[in-house]
Protein chains: 2
Amino acid sequence: MAITIHDIAEKAGVSLSTVSRVLSGKAEKYRISRKTQEQVLAVTKALNYHPNKMAQGLRLKKSHSIGLIVPDISNPFFACVTRIIQTTAFEMGYSLIVCNTNEDLATEIAQVELLKSKFIDGFIIMPVGTEYQHLETLVRKKHPLVLLDRCFDELKTHSVVVDNHDGAYRATSHLIACGHEKIAIIQGLPNTYTNSERVRGYLDALRDHGLAVNPQLIVGKDYRRESGYIETKFLLSLKDRPTAIFTTSDLITLGAFQAIAEDQYHIPDDISIVSFDDTDFAPYLMAPLTAVRQPKELMGESAVRLLIEAIDGKAQPEKQRVVLKPQLITRESVKILNSANPAAHSLPGKNHHIL
Amino acid sequence: MAITIHDIAEKAGVSLSTVSRVLSGKAEKYRISRKTQEQVLAVTKALNYHPNKMAQGLRLKKSHSIGLIVPDISNPFFACVTRIIQTTAFEMGYSLIVCNTNEDLATEIAQVELLKSKFIDGFIIMPVGTEYQHLETLVRKKHPLVLLDRCFDELKTHSVVVDNHDGAYRATSHLIACGHEKIAIIQGLPNTYTNSERVRGYLDALRDHGLAVNPQLIVGKDYRRESGYIETKFLLSLKDRPTAIFTTSDLITLGAFQAIAEDQYHIPDDISIVSFDDTDFAPYLMAPLTAVRQPKELMGESAVRLLIEAIDGKAQPEKQRVVLKPQLITRESVKILNSANPAAHSLPGKNHHIL
DNA sequence: TATGTTGGCTCAAACGATTGCGCAAATTTG
DNA sequence: CAAATTTGCGCAATCGTTTGAGCCAACATA
C-alpha cells in the first residue's frame with residue numbers, strides 16, 4: 001500500500017526509530033549524524049513518503065483537526081464566518097470538520113458526541129443556545145472549546161461574541177433618531193444569549209428615549225426567512241401598524257421583504273427596516289439595507305486563535321470572553337420622518353454606497 | 001484517561017477480543033455466549049465507553065470521514081450545496097472535512113495533499129477547474145472521488161454536474177424571446193468546464209435564433225462580485241450598450257447591480273439581467289431576479305450517494321456522470337421589448353412570486 | 001475408550017507511528 | 001593501555017483496535 005517509515009528504514013539501511021527521529025526533527029536530540037539524516041531524507045523524498053496521520057494521531061493523541069458546529073452553513077453570515085475559520089485554521093496547520101445543527105438541540109448534542117469520539121483537538125461551537133449541559137461535559141473533560149457568536153454566562157469557557165446589546169441599541173436608536181416611534185422587533189430564537197441581548201438593546205433604546213414599549217410589536221421565534229415573512233405579515237395587518245421594523249437577522253429581513261412586497265408596501269416609504277448581520281447581498285436588496293454589521297472576519301479569526309492557544313496550553317487558564325463591537329451601516333431602508341431632528345440629518349442618506 | 005476495551009475486558013473478566021467482538025456485532029460469528037455478551041454490554045454501558053476512532057481507523061483503514069474541497073464556502077451557492085452534503089453525509093455516518101480553495105489552484109493542490117495524508121475515505125471536489133494533474137493522481141491511486149459542479153472530460157471519475165449548456169441556452173433564449181438582441185454575457189472563470197458550457201449555451205442560443213455574436217459583449221474572468229461590477233461598468237460605457245446581460249453567477253449579478261445603480265440605470269427598464277444559480281436572496285434584490293436555478297439539493301445529495309457507493313465498492317466501475325437539469329425561474333429583471341411575440345407573453349410576469 | 005464435533009473463548013500479531021532506555025563503537029581522558 | 005565518556009543508533013513497548021488461528025472443555029458418535 002502506502003509508503004511507511006518501515007519502507008524508508010529498509011531502503012536507507014537504518015532503523016525505524018532513526019527514520020522517525022529524522023522526520024520529526026528530533027535528530028539533534030537523539031544525535032543522528034548528518035550523513036544518516038541526509039540519507040533518510042533522500043530516501044523519504046525518493047519514495048514520496050507521507051506520514052499516516054491516523055497512526056501519528058493515535059500515538060500522539062493529536063489529530064490536528066478541529067470541529068466546528070454551526071447552526072446553518074447556508075446562512076450567509078455563518079457561511080462567511082466558516083470560511084474565515086477554515087482559512088485561518090488551515091494556515092495554522094489544522095483542518096476543519098464542519099457540522100450543521102439546523103438550530104436543533106438534539107442534532108447539536110449528536111454532533112458533539114460524534115466529534116468527541118473522533119479525537120478532535122478542539123471545538124468551535126456556535127450553539128443553538130437553549131441548553132448547555134452537553135457543553136459543560138466538554139468543559140469538565142478539559143476539551144478545548146471556544147463558543148462563538150452565542151455563549152452562556154454560566155459556562156466557564158472561552159468565547160467570542162459580538163456586543164449584541166450595543167448593536168441593537170444603535171439600530172433602534174437610529175430609527176428613533178430618524179423620527180420613528182412605533183418600532184417593532186422581529187426577534188430570533190428566544191431565550192438565547194444573542195437574542196436576549198438584542199432584545200435588551202432594543203428595549204433599552206426605547207426606554208432611554210422615553211418611548212413606551214408595545215408588547216404587540218415584539219414578535220418572532222427564530223432567525224429564518226419564513227419567520228420573517230410570517231411576522232411581518234402580522235405586523236402589517238395591525239390596525240396601528242409600526243413605521244419601522246428591527247429585523248434581527250438578514251434572513252429574517254428577506255422574509256420581511258417578501259411580505260412587504262406581497263402586500264404592496266414600499267420600503268422605506270411605507271415601512272422602514274433595520275437589519276442585523278449586513279451580509280454581502282445587503283446593499284443590493286429591493287431597498288439597500290441599513291444594518292448592523294457584524295465583524296465576521298474578526299470573529300472567525302479570534303475564535304481560531306483562541307482555540308489553538310487553548311489546545312497548545314498557552315491560553316490563560318482564566319476563561320476569556322472576547323467581545324467585538326458591531327457597526328451600524330446606514331443605507332436606504334430607513335425613512336427620515338423628522339427632518340427637523342439634527343441627529344437624523346447627519347446619519348443616513350449620504351454614504352449609500354458603503355458596500 | 002478515556003475508557004478503552006481494556007478496561008471493559010478487565011471489569012467484565014473476559015479478553016480484549018471478546019469485548020471487541022461483542023461491540024462490533026461479530027458475536028454470532030465468533031460464537032460468544034449470550035451471557036458473556038450481556039455481561040460485556042452491561043460493563044460498556046456502565047463505563048460509558050466510546051471507541052477510539054483513531055485506533056479503529058488505523059486498524060481498519062477507514063475514517064468515516066470525507067473531504068470536501070470547495071472554491072468558496074461563503075458563496076451562497078456553494079454554501080447551500082455544502083450544507084446538503086454535510087447533512088447527507090452525517091445521515092450516512094460520515095463526517096465532513098471542509099477545505100476552501102478561494103478558486104486558487106495552488107491552494108487546491110495543497111488541500112488535496114493534506115486530505116490525502118489524513119486518511120480520508122473519499123473526496124468530493126468542486127475543482128478550480130483549470131488543471132487536473134493532482135486529481136488524476138487521486139484517480140490513479142484509486143481514491144474514491146466525485147467531482148461536483150465542474151468536471152473534466154478527460155478525467156475518468158464519477159461526477160455530478162448541471163447541464164450548464166442547457167441552462168445558459170434557456171437563459172439566453174428567454175432574453176431573445178423577450179425581444180433582446182444585444183445580449184452581453186459576463187462569464188466566470190475562462191477555460192473551465194462549467195464556464196465553457198455556459199458560454200457555449202449562450203452562443204448556440206444566439207446562433208439558433210439568427211443573432212450575430214458580438215465579441216465585445218463577451219466579458220468576465222471569474223465568478224466574483226468585483227468582476228461583475230467591473231465588467232458591467234464596461235458594458236454600460238459602450239456606445240452601443242447591450243439591452244440585456246446574462247450574468248453567469250449570482251455573485252457576478254450583485255456586482256452588476258452595484259454598477260447599474262451607481263450609473264443611475266434601472267433594472268429592467270434600462271437593462272435586463274438573467275442570472276445563474278438562483279440563490280436564496282435572488283427574489284429580493286433591487287429587481288427580483290430572473291435566473292437559472294441549479295438543483296442544489298440534488299447536486300449535494302447525489303454527490304454524497306455516489307461517493308459512498310464508490311467507497312463501499314458498490315458503484316459501477318464505469319465512471320458515472322450524473323447530469324442534472326437546471327430550471328429557468330422568471331421574475332422581474334427582464335424587460336419585455338416585443339409584446340408582439342407570443343412566446344414572450346407566456347413567459348414572464350405571471351409567476352413573480354416563485355421563491 | 002478413542003475420535004470427532006462443536007461451543008466459547010483467548011493469544012498474539014497486526015495497523016503505522018513515537019520514544020525511553022540501553023548498547024556498541026569511537027573518541028577522549030588519565 | 002585501560003577507563004571513562006561521548007557519539008550514533010537500534011530494541012521494544014506503546015497508542016486502542018481488530019481478527020485469524022488455536023486451545024480447551026464438553027458433548028456426541030462409533
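Here is the naming used below: chain letters follow the sequence lines, and residue numbers restart at 1 for every chain. For the numbers below, each heavy atom of this structure counts, side chains included, while hydrogens, waters and symmetry mates do not.
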Nucleotide [N], atom [atom2] - distance to [atom1] of [X] in whole Å:
{"X": "A/Leu58", "N": "C/dG16", "atom1": "CG", "atom2": "P", "value": "12 Å"}
{"X": "B/Asp7", "N": "D/dT17", "atom1": "CG", "atom2": "C1'", "value": "13 Å"}
{"X": "B/Leu16", "N": "D/dG20", "atom1": "CG", "atom2": "P", "value": "16 Å"}
{"X": "A/Met54", "N": "C/dT18", "atom1": "CE", "atom2": "P", "value": "15 Å"}
{"X": "A/Ile8", "N": "C/dG16", "atom1": "CD1", "atom2": "C1'", "value": "12 Å"}
{"X": "A/Asn52", "N": "C/dT18", "atom1": "CG", "atom2": "C1'", "value": "13 Å"}
{"X": "B/Lys118", "N": "C/dG16", "atom1": "NZ", "atom2": "C1'", "value": "16 Å"}
{"X": "A/His64", "N": "C/dA17", "atom1": "NE2", "atom2": "P", "value": "15 Å"}

Query - With sequence neighbours excluded, residues passing side chain to side chain donor-acceptor pair (under 3.5 Å) with A/Lys116 - result: A/Glu113
Query - Listed partners of B/Thr18 passing side chain to side chain donor-acceptor pair (under 3.5 Å), at least two apart - result: B/Ser15
Query raised in the report: So, does the side chain of A/Arg21 form a donor-acceptor pair with the base of D/dG10 at under 3.5 Å?
Result: yes
Query raised in the report: Can you tell me if B/Ser20 and B/Ser17 form a side-chain donor-acceptor pair at under 3.5 Å?
Result: no
Query raised in the report: Is it true that atom NZ of B/Lys62 has more than 12 heavy atoms of other residues, nucleotides or ligands lying nearer than 6.0 Å?
Result: yes
Report task. Using a cut-off of strictly less than 4.0 Å between a heavy atom of the residue and any atom of DNA chain D, enumerate the qualifying residues of residues 28-37 of chain A by number. Result -> A/Tyr30, A/Arg31, A/Ile32, A/Ser33, A/Thr36
Query raised in the report: What nucleotide, of D/dT19, C/dC15, C/dA17, holds the atom closest to the side chain of A/Gln56?
Result: C/dA17
Query raised in the report: Between D/dG10, D/dT19, C/dT18, which nucleotide gets closest to the side-chain atoms of A/Ser15?
Result: D/dG10
Does [N] have OP1 or OP2 under 4.0 Å away from a side-chain N or O of [X]?
{"X": "B/Lys61", "N": "C/dG16", "result": "yes"}
{"X": "B/Thr18", "N": "C/dT10", "result": "yes"}
{"X": "A/Lys26", "N": "C/dT18", "result": "no"}
{"X": "A/Thr4", "N": "C/dG16", "result": "no"}

**Report entry** Five-pair end axes of the helix from C/dT1-D/dA30 to C/dG30-D/dC1, angle between them (10°)
**Finding:** 70°
Query raised in the report: Taking the six-membered ring of B/Tyr30, is the NZ or CZ of B/Arg21 close enough (under 6.0 Å from the centre) and on axis enough (within 45°)?
Result: yes
Query raised in the report: Does the side chain of A/Ser65 come within less than 4.5 Å of A/Ile120's, by heavy atoms?
Result: yes
Touch check for [X], heavy atoms < 4.0 angstrom, all strands: base, sugar-phosphate only, or nothing?
{"X": "B/Ile5", "value": "base"}
{"X": "B/Leu60", "value": "sugar-phosphate"}
{"X": "B/Ser17", "value": "base"}

**Report entry** Sequence neighbours excluded - ring pair (Phe, Tyr, Trp, His ring centres under 6.0 Å) pairs with any residue from residues 124-152 of chain B
**Finding:** B/Phe123-B/His143, B/Tyr132-B/Phe152
Requested in this report: Name all pairs fulfilling the ring pair (Phe, Tyr, Trp, His ring centres under 6.0 Å) condition that reach into residues 51-104 of chain B, sequence neighbours left out, sorted by first residue then second.
Outcome: B/His64-B/Tyr94
Query raised in the report: Side chain of B/Asp149, backbone of B/Val161: donor and acceptor closer than 3.5 Å?
Result: no
Report summary line: Nearest heavy-atom contact between A/Met299 and A/Gln294 is SD-OE1, 4.1 Å
